[in-house]
Amino acid sequence: MKKPSFYLEVYKIVRKIPKGRVTTYGTIAMILDNPRAARAVGYALNALKKNVESQSIPWHRVINAKGQISHKGDSSRASLQKKLLLAEGIFFNESESIDFKKYAWINS
DNA sequence: ATCGTGACGAACG
DNA sequence: CCGTTCGCCACGA
């Protein structure tokens, strides 16, 4: 059977992330059997923000491998993301990064 | 089919 | 520790 587009797979994964947990672009890529497609994952989420369905996808739980928020210019989205994470009980250390030891998502 | 682009990541210096 | 460089991949024009 044919696979849906890469985007749809990414969204599907992101939707599985439970509240209070976070994961990285690279991790999602790994789940999709493309450990090197982290960039493509970010690209997918970028396109997502235009879709109305984005409201049902916890995109804010996806951060980069450093445990930080990537915003590449658009800082407004970064502040929103941080706000949403804090609301879920996910806090940042003094370096503005998230401790994976506590919040990393385990795919089950 | 080729080119440019981007919410990434690992390796270097 | 910080900035730079290069490699990766999917997508739209």
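Keep in mind that what you see is a predicted model, and the values were worked out from it rather than measured. So you know, we letter chains A, B, ... as the sequences are listed, proteins then strands, and number each from 1.
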Detail all sub-3.5 Å separations between protein N/O atoms and N/O atoms belonging to nucleotides 3-5 of chain C.
none

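- The CE atom of A:M30 sits 14 Å away from the C1' atom of C:dC8 (whole-angstrom rounding).
- By the 4.5 Å heavy-atom criterion applied to side chains, A:Q68 and A:S70 are not counted as neighbours.
- Nearest heavy atom pair, residue A:K66 against residue A:F100, reads C-CE1, 4.1 Å.
- Checking A:Q81 against A:H71 by side-chain atom types alone, no donor-acceptor pair falls below 3.5 Å.
- For DNA chain B, the neighbouring residues in residues 32-47 of chain A, judged by any heavy atom under 4.0 Å, are A:A38, A:R39, A:A40, A:G42, A:Y43, A:L45, A:N46.
- Expressed to the nearest 0.5 Å, how far CD1 of A:I98 lies from CD1 of A:I69 amounts to 6.5 Å.
- Straight-line distance from the CD atom of A:Q68 to the C1' atom of B:dG9: 13 Å, rounded to whole Å.
- Atom CG in A:L48 sits about 14 Å away from atom P in C:dC11, given to the nearest Å.
- Taking Ile, Leu, Val, Met, Phe, Trp and Tyr as members and joining any whose side-chain heavy atoms lie under 4.5 Å apart, directly or through other members, the hydrophobic cluster of A:I17 also contains A:F6, A:Y7, A:L8, A:V10, A:Y11, A:I13, A:V14, A:Y25, A:I28, A:I31, A:L32, A:V41, A:Y43, A:L45, A:L48, A:I57, A:W59, A:V62, A:L80, A:L84, A:W105.
- Interatomic distance, A:R15 CZ to A:R61 CZ, rounded to the nearest 0.5 Å: 12.5 Å.
- Taken from NE2 in A:H60 to NZ in A:K83, the straight-line distance is 11.5 Å, to the nearest 0.5 Å.
- Between the P atom of C:dC9 and the CD1 atom of A:I31 lies a distance of 18 Å, rounded to the nearest Å.
- Looking at A:L86 and A:F92, their side chains come closer than 4.5 Å, going by heavy atoms from C-beta outward.
- Remark: A:R21 engages no residue in a salt bridge (charged side-chain N to carboxylate O under 4.0 Å, His left out) (not counting sequence neighbours).
- Considering all non-hydrogen atoms of both residues, A:A29 and A:A37 come closest at CB-C, 3.8 Å.
- A straight line from CD1 of A:I28 to C1' of B:dG6 spans 15 Å, rounded to a whole angstrom.
- The distance from the CG atom of A:N34 to the CD atom of A:E9 is 8.5 Å, given to the nearest 0.5 Å.
- Of the possible polar contacts, one joining the A:D99 side chain to the A:K101 backbone as a donor-acceptor pair under 3.5 Å is found.
- For the segment residues 6-15 of chain A, residues with any heavy atom less than 4.0 angstrom from an atom of DNA chain C are, sorted by number, A:F6, A:Y7.
- A:W59 has its CH2 atom 13 Å from the P atom of B:dC8, to the nearest Å.
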For this session: Return one dot-bracket line describing DNA chain C 5' to 3' (Watson-Crick or G-U wobble pairs, both distances under 3.5 Å; ( ) same strand, [ ] crossing, | another strand, . none).
Result: .||||||.|||||

